[in-house]
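Chain letters run A, B, ... following the sequence lines, proteins first, then strands; residues in each count from 1.
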2 protein chains.
Amino acid sequence: MPRRATIIEVALEAGASKTSVSRYFAGERDKLSPALCERIAAAALRLDYRPNQMARGLKAGRSRLIGMLVADIRNPFSVAVLHGVERACREQGLSLLVCNTDNDPELERTHLALMSSYQVEGLIINASGSPDTELQALTGQGLPLVLLDRELGAVQADLVGLDNAKAIDLALDHLAEQGYAELLYLSEPPERASPRRERLAHFQAGLAARRLAGEAYTMSASDDELARAIEAFLTRSAPKGSGDLPRALLCANGAVTLAATRALQRLGARLGKTGLMGIDELDWCALIDPGITTLAQPTETIGRQAVASLLANSVSQAAAEPRQHRFEPRLIARGSTRLTG
Amino acid sequence: MPRRATIIEVALEAGASKTSVSRYFAGERDKLSPALCERIAAAALRLDYRPNQMARGLKAGRSRLIGMLVADIRNPFSVAVLHGVERACREQGLSLLVCNTDNDPELERTHLALMSSYQVEGLIINASGSPDTELQALTGQGLPLVLLDRELGAVQADLVGLDNAKAIDLALDHLAEQGYAELLYLSEPPERASPRRERLAHFQAGLAARRLAGEAYTMSASDDELARAIEAFLTRSAPKGSGDLPRALLCANGAVTLAATRALQRLGARLGKTGLMGIDELDWCALIDPGITTLAQPTETIGRQAVASLLANSVSQAAAEPRQHRFEPRLIARGSTRLTG
DNA sequence: TCGGTGCTTGGGAACGTTCCCATCATAGGT
DNA sequence: ACCTATGATGGGAACGTTCCCAAGCACCGA
């Protein structure tokens, strides 16, 4: 069972010094004569040499590792972004250490400590928890950091995510245009996640600007309760004697859309007559009978931008002002927001 | 900007030797006097010391890193298994280096090399490609290996995955019981992925045993083509003069179920009258009108078993016979396989 | 011919750990 | 009182790299 060859063995085999071999593999081939390069290449091939990243990381402090903390790996949106991050990393010769926190702040701390012990060169964080001293400590040491989708209290760092104001505007405009006049905004509890707060706030503001009626409901875990809330919204009598204006549901993210769809089915509501629209495009939104209208996030772009920001931060350490990169969603209009007389 | 403290600094602060501090953090506290332990703990806390995994990995050859290669990170099944793997790793104090190969053998090779350069202690592989010399080399060096879901030609390793024979049996029994007599089996191209081959083979065998009529269709990328194939199956006249027996579609995995559902909707087929059943349970299967019947894989269990097998292999290196761990799916019967007169 | 300049090459000291050994007490058996 | 076993502790050499520095050489202009 042959052990992996070391740089010294390659040097010996090639009749060169370990320094030269190191240079060869560190991408400084231009500093080496072509003849030497060739000898090293041949020797490395013969011995099937692969540089030991652990040793590299130790000596140079450059692990070539990026850490990514995902709040919920089973959320398709997160995975789609992860996919973008991964591609971007690969193009930069970086590897990705992915940790899932299952929305547990405690686990988030653990994983943060872990990543730091692997000397990651940067951190992309889709935060699950509250602002964290662990994280503060890491950034204090000059570790580049990018926040994904969710802001994190006191932490000063670039943020990459959806343009929530624009998204809500798009949604409200679309719903208004389609003739819906009374809206119910459905969201998961907004405490911990900044996009939920932003979207909710813009919803409230946007209503007024458009003279729409609307209210917000925060989901608990219970399907029953959600169904009751929706039913109450759909069946209660119109405000003044204004007749029965069309009503629609706006879902704050994919998980909510799923729950709301389930609830509407239980209530026997007809999609379209009862409007339904959600942020986040999912595989199945086209399949539910008249199709569910969504706002698709540019997930791949978001992922790539996260890596780009990270890289930008690591070159210009020095106190750069945190920047925000907000991307616009794309409206995919389907039958669930079409009032067919 | 304070650098992370080293073991030497802790030793100094605690008035102990680095050896003792090392022992403390390597979990050999029972070899240390309680007094010393306490001093070290206090010092480490004061300095916010965190052992450097790179240095550990270098010296001891133990990186505490497990590599996982996923063929398609956007497949919910893969993610669910990943989730199980991750939890199991965490319980063992292992970290997970996840790489996505996008079903590209070339990328698979690259990532394999990369993981080996990080000195991973074990590899969990959901293979995308053909048997690979890169992989052979790694196992040749005694790196423990577990195959997930897909077999890999010549590679001798434990396999963890679904009991495909059982799954197909369950499906056929259910469909037969519900009164469907002619089946169309839909699959992605079976060349590269062993479960596809196994399922297909068992489908063919299972038909005969149950006196069912049936055939198999291999999907290309085109939705049109699939719809045409399904239409042909649904509209062609019955074999003998046997009357018009109920027909059903059986989908080899989640991606196929999605495509088939799309196609059936385009054809205007009514689910139930036309049977539909798929392997892999997905969020939305309950939402498509009468509900889509599925076989749910025990993804969490599969993930955990993968890690368990890996650990078992690393203790008893010596030429243990490769084992297979096959888990049974759970039938979730819904309206899509209910013939309502 | 000489000092400088530029280029290729190599020696050796780190990096932060682990782990083999050595040291030094303390205690127990003769 | 002496030798040895036992247990706690520490010194120092690795592990496989990188990178500073220096050496060697050819070439140039004075």
**Message:** I need the CD-C1' distance between B/E28 and D/dA8, as an integer number of Å.
**Reply:** 13 Å
**Prompt:** Just how far is it from atom OG of B/S17 to atom CD1 of B/I8, taken to the nearest 0.5 Å?
**Reply:** 10.0 Å
**Item:** Whole-Å gap separating C1' (C/dT18) and CD1 (B/I7)
**Value:** 8 Å
**Prompt:** Counting side-chain heavy atoms from C-beta on, which of C/dT17, C/dG10, D/dG16 comes nearest to A/A16?
**Reply:** C/dG10
**Request:** Quick one: pull up CG in A/L96 and SG in B/C99 and give me the separation to the nearest 0.5 Å.
**Result:** 8.0 Å
**Item:** Side-chain (B/E38) to main-chain (B/A35) donor-acceptor, under 3.5 angstrom
**Value:** no
**Prompt:** Do the side-chain N or O atoms of A/S17 get closer than 4.0 angstrom to the phosphate oxygens (OP1, OP2) of C/dG11?
**Reply:** no
**Message:** Side-chain N or O of A/Y49 versus OP1/OP2 of D/dT17: is the shortest distance under 4.0 Å?
**Reply:** yes
**Item:** Atom pair distance, as rounded to whole Å: CD1 in A/I8 and C1' in C/dA13
**Value:** 13 Å
**From C/dG16, D/dT17, D/dG10, nucleotide with atom closest to B/T6 side chain** = C/dG16
**Prompt:** So, the side chain of A/D158 versus the backbone of A/V146: is there a donor-acceptor pair under 3.5 Å, distance only?
**Reply:** no
**Fill in**
Out of C/dG10, C/dT17, D/dG10, minimum distance to the side chain of B/K59 belongs to C/dT17
**Prompt:** Under 4.0 Å: is that the gap between some side-chain N or O of A/S20 and OP1 or OP2 of C/dT8?
**Reply:** no
**Message:** Rounded at 0.5 Å granularity, tell me how far CG in B/L159 sits from CD1 in B/I125.
**Reply:** 12.0 Å
**Message:** Among C/dC19, D/dG10, D/dC19, which nucleotide has an atom closest to any side-chain atom of B/A60?
**Reply:** C/dC19
**Item:** Nearest to side-chain heavy atoms of B/T19, which nucleotide of C/dC19, D/dT9, D/dT17
**Value:** C/dC19
**Prompt:** Between D/dG16 atom P and A/E9 atom CD, what is the distance in whole Å?
**Reply:** 8 Å
**Asked** Over how many whole Å does the gap from B/Y118 atom OH to D/dT17 atom P extend?
**Response** 13 Å
**Prompt:** Would you say a side-chain N or O of B/S22 is under 4.0 Å from OP1 or OP2 of C/dT18?
**Reply:** yes
**Prompt:** How many Å lie between CE on A/M54 and P on D/dC15, as a whole number?
**Reply:** 17 Å
**Message:** Is it the case that C/dG10 (base atoms only) and A/R23 (side chain only) share a donor and an acceptor within less than 3.5 Å, ignoring hydrogens and angles?
**Reply:** yes
**Asked** For the side chain of B/L58, counting heavy atoms from C-beta on, which of C/dT17, C/dT18, D/dG16 is nearest?
**Response** D/dG16
**Message:** Categorize A/K18 for me: base, sugar-phosphate, or nothing, with a 4.0 angstrom heavy-atom threshold over every strand shown.
**Reply:** base
**Separation of atom CZ in A/R56 from atom C1' in D/dC19, rounded to whole Å** = 13 Å
**Request:** Only one of A/H111, A/E106, A/E108 passes side chain to side chain donor-acceptor pair (under 3.5 Å) with A/S128; say which it is.
**Result:** A/E108
**Asked** CZ of B/R50 versus P of C/dC15: gap in Å, rounded?
**Response** 21 Å
**Request:** Answer yes or no: does a side-chain N or O of A/S33 lie under 4.0 Å from OP1 or OP2 of C/dC7?
**Result:** no
**Fill in**
Closest to the side chain of B/L36, out of D/dT17, C/dT9, D/dT9, is D/dT9
**Request:** Select base, sugar-phosphate, or nothing to describe what A/R62 touches, counting heavy atoms under 4.0 Å on all strands.
**Result:** nothing
